[in-house]
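Per chain, numbering begins at 1; letters A, B, ... match sequence-line order. Since the model is a prediction, treat every value here as computed from it, not as a measurement.
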Amino acid sequence: MREDLEARLLQAVARVVRELAPDAEVDLAAISLVPARSPEHGDYACNAGLVLAKPLRSPPRLLAEKIAAALDAPDVERIEIAGPGFLNLYLARERWHQVVSRVLRAGEAWGRSDASAGETVQVEFVSANPTGPLTIGHGRNAVIGDAVARLFEAVGCKVTREYYFNDGGRQMRVLADSLRARYEQALGREAELPEDGYQGDYLVEIARALADEQGEAWLDAEQDQFKKRAQDAIFADIESTLQRLGISFDVYFNEASLYENGSIDEVLESLRDAGFVYEGEGAVWLDSTHMDLDRDRVLVRSTGEPTYMLPDIAYHREKVSRGFTRIIDVLGPDHIEQFPYVKAATGALGCDVAGLEVVMYQWVNLRSGGEIVKMSTRKASFITIDEVLDQVGSDVFRYFMVERRADTHLDFDLDLARERSDRNPVYKIQYAHARLCSIERKASERGVTLPPIDDLPLQRLDSPGEIELAKRLGHFPDLVVHAARAREPQEVTRYLLDLATAFHTYISDGRGHRVLSEDADLSHARLALVGAIRTTLANGLALLGISAPERM
RNA sequence: GGCCCUGUAGCUCAGCUGGAUAGAGCGCUUGCCUCCGGAGCAAGAAGUCGCAGGUUCGAAUCCUGCCAGGGUCACCA
């Protein structure tokens, strides 16, 4: 609806420009049509008069009037010129009533669109190496990644969820040696963890299970056996955590395969051939200075071992080769700095990297008992997702993880998350949904059934609260598109909280908006509105992977 | 020192890619359950948008500098 109006508005602008100053340079992208902030400003507000004032050398209010006169839009009932030169557009009420029937007709598809149809998107997220359980920091990555993937699906993209991991390298050898030590300890022998070994209790448990199962049979086992054992156990644990969050992946991509199929060598050679590699200080360097970046980076250490950057480049070349139109990396601040180098180097290989982008999130601090616990992967102090899930459940966890914009630091307030009360915003939204369901149940108990959608007496929805709610529902598809474009699930949480509040206000502000009454038409109209709100809340929650309970 | 993110109400944060009187949740004050769910609603107090310049009809939003917090800079992915 908004888009149609915007198109007509731009036509009107074009007419006015043609008439007054055909040669003027006008930036049409600067013209916006947005939902008005307050009802005094109508339904939609447009800044075209102000934007055109300069290039057309005319007073903005005068231009606004000309645009208003040139606008051909049957839905627009009235236009006011306000303030410095805004166009305030008032739509006919029937337009908003129609929103209710559209929602009911669309059902689960309400909010979904083909705005980005034809795109194939790969979202790579979590990507934790199998050296330990997922921590709360991975949790933010996991929830954001999955929610962004859901948003892409909602606007018509085909989405591949991918997990990239490395089970090779020094860290895994240390892990293997750590498990061996724990295993020997489990058999009652003297054994010491290697220096900078993995100290977490989870390895003790894995070792105990191994000792119970194998007895002393593994005392002479190879490092590789321990490595595989640890890796399998830890991966099983990671997958079970992800399952608790309702997250599953289409592809698990192993970094080792890039070594096995020769990609690493190929990439290094190609970069060398392209003239972007040189030797210095015993290492092999990426000449990123000549890719418009501020400095060079090491690709192969003086020890002969590649840095993580080289396989990263090979991996991104591999992703691009699979033909995705868009490739998203969900990265924490510790990985973000490498990305421009990886992207530039991948481009230097001749790959089209235009669709490569990052969704970056900031660290999570855990707040408990008024104290802030800084989550640090390096230091031993970390809290696992499972530990938190034991206390709050997936819905609360997911909500809290996407409640803030990804690029701001997140304080996860464990005490608040644990509260099943009005202080906790997840419940406010879910409660509204349950309350709506309750009203529908009540209606069905009383034998009230809705007439066919086309026959609904929606004109009976004439109170300001009802029109306000219908407008809010009407904005939902735009909201989804916007959130997907911004890669910001947070926008959905905010919308849902506002919608839930608007409903609670409507139903209990003492203005007598009883849904079920003696007036059959009014009851039907309001019941239809109830259904539309419920559908929108449920669809919005689904975008976040959060359940919409019918009872609480 | 270089680069990246952040600085908005007592706290945690929005602010729709430059718009009209800067908003929400929590906390605080005061009211509301003979009535479809009080996990709710109504009203109120609370802000030099980190600081200083600049760009223009108009800046929390864009530019520059500074201050503060976090991150990162081949031997950890």
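Here the straight-line distance linking atom SG of C46(A) with atom CG of N88(A) works out to 9.5 Å at 0.5 Å rounding. A distance of 10.0 Å separates OG1 in T408(A) from CD in E403(A), rounded to the nearest 0.5 Å. I144(A) CD1 to L410(A) CG: the interatomic distance, rounded to the nearest 0.5 Å, is 8.0 Å. Distance check: L242(A) CG to H138(A) NE2 gives 10.5 Å after rounding to the nearest 0.5 Å. Atom CZ of R435(A) sits about 4.5 Å away from atom OG of S508(A), to the nearest 0.5 Å.
Proximity of T307(A) to the phosphate of C76(B): no side-chain N or O atom is located under 4.0 Å from OP1 or OP2. Residue R485(A) places no side-chain N or O under 4.0 Å from the OP1 or OP2 atom of C16(B). Within the 4.0 Å cut-off from OP1 or OP2 of A42(B), at least one side-chain nitrogen or oxygen of T505(A) is found.
With C1' as the reference atom, G10(B) and G27(B) are 8 Å apart, rounded to whole Å. For the P atom pair drawn from G23(B) and G44(B), the interatomic distance equals 13 Å after rounding to whole Å. With both ends at atom P, the span from A60(B) to A52(B) equals 13 Å, rounded to whole Å. Comparing the same atom, C1', in U12(B) and in C4(B) gives a spacing of 24 Å after rounding to whole Å. Here, U72(B) and C76(B) have their C1' atoms 13 Å apart, quoted to the whole Å. Nucleotides A59(B) and C49(B), compared at atom P, are 12 Å apart to the nearest Å.
The side chain of W363(A) lies closest to G71(B), out of G15(B), A77(B), G71(B). Taking every side-chain heavy atom of S438(A) into account, C36(B) is the closest of C36(B), G25(B), A74(B). Set against U17(B), C36(B), C41(B), the side chain of K428(A) has C41(B) as its closest nucleotide. Out of G70(B), A74(B), C35(B), the shortest distance to the side chain of Q362(A) is found at G70(B). Listed candidates were C41(B), U72(B), C75(B). Nearest to the side chain of R301(A) is C75(B). Nearest nucleotide to the R405(A) side chain, out of G15(B), A77(B), C13(B): G15(B). Comparing atom distances between the V51(A) side chain and each of C41(B), G19(B), A77(B) picks out G19(B) as nearest. For Q338(A), counting side-chain heavy atoms from C-beta on, the closest listed nucleotide (G25(B), U72(B), C36(B)) is U72(B). Side-chain proximity of K54(A) to the nucleotides C41(B), C57(B), G70(B) is greatest for C57(B). Picking from C13(B), G37(B), G40(B) the nucleotide with the shortest atom distance to the side chain of H504(A) gives G40(B).
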All N/O pairs under 3.5 Å across the protein-nucleotides 1-3 of chain B interface:
residue, atom, partner, partner atom, Å
G2(B), N2, E337(A), OE2, 3.3

Give every pair of a protein N or O atom and an N or O atom of nucleotides 20-23 of chain B that lie under 3.5 Å apart, one pair per line with the distance.
residue, atom, partner, partner atom, Å
A20(B), OP2, R37(A), NH1, 2.5
A20(B), OP2, R37(A), NH2, 3.3
A20(B), N6, N88(A), OD1, 2.7
A20(B), N1, N88(A), OD1, 3.2
A20(B), N1, N88(A), ND2, 3.2
U21(B), O4, E40(A), OE1, 3.1

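As judged by a 4.0 angstrom heavy-atom cut-off over every strand, D407(A) is placed among residues touching the sugar-phosphate backbone only. H433(A) comes within contact range of no nucleotide atom at all, as no heavy-atom separation falls under 4.0 Å. Counting any heavy atom pair closer than 4.0 Å across all strands shown, E445(A) reaches no nucleic acid atom. No contact: L479(A) has no heavy atom under 4.0 Å from any strand. As judged by a 4.0 angstrom heavy-atom cut-off over every strand, T131(A) is placed among residues making no nucleic acid contact. Contact annotation for H482(A): backbone-only contact, meaning every heavy-atom pair under 4.0 Å involves sugar-phosphate atoms and none involves a base. No engagement by A128(A) is indicated, since no non-hydrogen atom pair under 4.0 Å with the nucleic acid exists. Residue L416(A) is classed as having no contact, given no heavy-atom separation below 4.0 Å to the nucleic acid.
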Inset, instruction - Please assess R404(A) against H409(A) for the test side chain to side chain donor-acceptor pair (under 3.5 Å), listing each intermediate value before the final yes or no. - result: CA-CA 8 Å; R404(A) 308 292 178 220; H409(A) 297 259; over 6 Å; no
Legend entry - side chain to side chain contact (heavy atoms under 4.5 Å, CB included) between V174(A) and T131(A), worked out: CA-CA 9 Å; V174(A) 173; T131(A) 57; over 6 Å; no
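Within 6.0 Å of the CD atom in E357(A), the count of heavy atoms belonging to other residues, nucleotides or ligands exceeds 12.
Along RNA chain B, the nucleotide nearest M360(A) and the nucleotide nearest N47(A) are compared for position; the residue whose nucleotide lies closer to the 5' end is M360(A). Of the two residues near RNA chain B, V300(A) and E491(A), the one whose nearest nucleotide lies more 5' is E491(A).
Aromatic ring orientation, Y163(A) versus F235(A): tilted (interplanar angle from 30° to 60°). Aromatic ring orientation, F397(A) versus F412(A): tilted (interplanar angle from 30° to 60°).
Applying the 90° cutoff around 0 to the glycosidic angle, C49(B) is assigned anti.
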Inset, instruction - Would you sketch RNA chain B in dot-bracket for me? Only Watson-Crick or G-U wobble pairs with both distances under 3.5 Å count, crossing pairs as [ ], other-strand pairs as |, the rest as dots. - result: (((((((..((((.....[...)))).(((((.......))))).....(((((..]....))))))))))))....
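Side-chain rings of F249(A) and F125(A) approach one another, their centers coming within less than 6.0 Å. Ring centroids of F253(A) and Y315(A) are separated by less than 6.0 Å, placing the two rings close together.
Rounding to whole angstrom units, NZ of residue K442(A) and P of G37(B) are separated by 5 Å.
Judged by distance alone with a 3.5 Å cut-off, no donor-acceptor contact links the side chain of Y431(A) to the base of A39(B).
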For residues 492-503 of chain A, which side-chain donor-acceptor pairs fall under 3.5 Å, sequence neighbours excluded?
residue, atom, partner, partner atom, Å
T493(A), OG1, Q490(A), O, 2.7
Y495(A), OH, R472(A), O, 2.6
T501(A), OG1, L497(A), O, 2.9

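Judged by a 6.0 Å distance limit and a 45° cone about the ring axis, R78(A) is positioned over the six-membered ring of Y90(A).
Applying a 4.0 Å cut-off to non-hydrogen atoms, none of the residues of residues 391-398 of chain A approaches RNA chain B.
Pairs engaging residues 515-535 of chain A under the salt bridge (Lys or Arg N to Asp or Glu O under 4.0 Å) rule: E440(A)-R534(A), R460(A)-D519(A), E466(A)-R526(A) [sequence neighbours left out].
With 3.5 Å as the limit, one finds a donor-acceptor pair spanning the side chains of D329(A) and H316(A).
Side-chain contact between V148(A) and P489(A) is present, with at least one heavy-atom pair separated by less than 4.5 Å.
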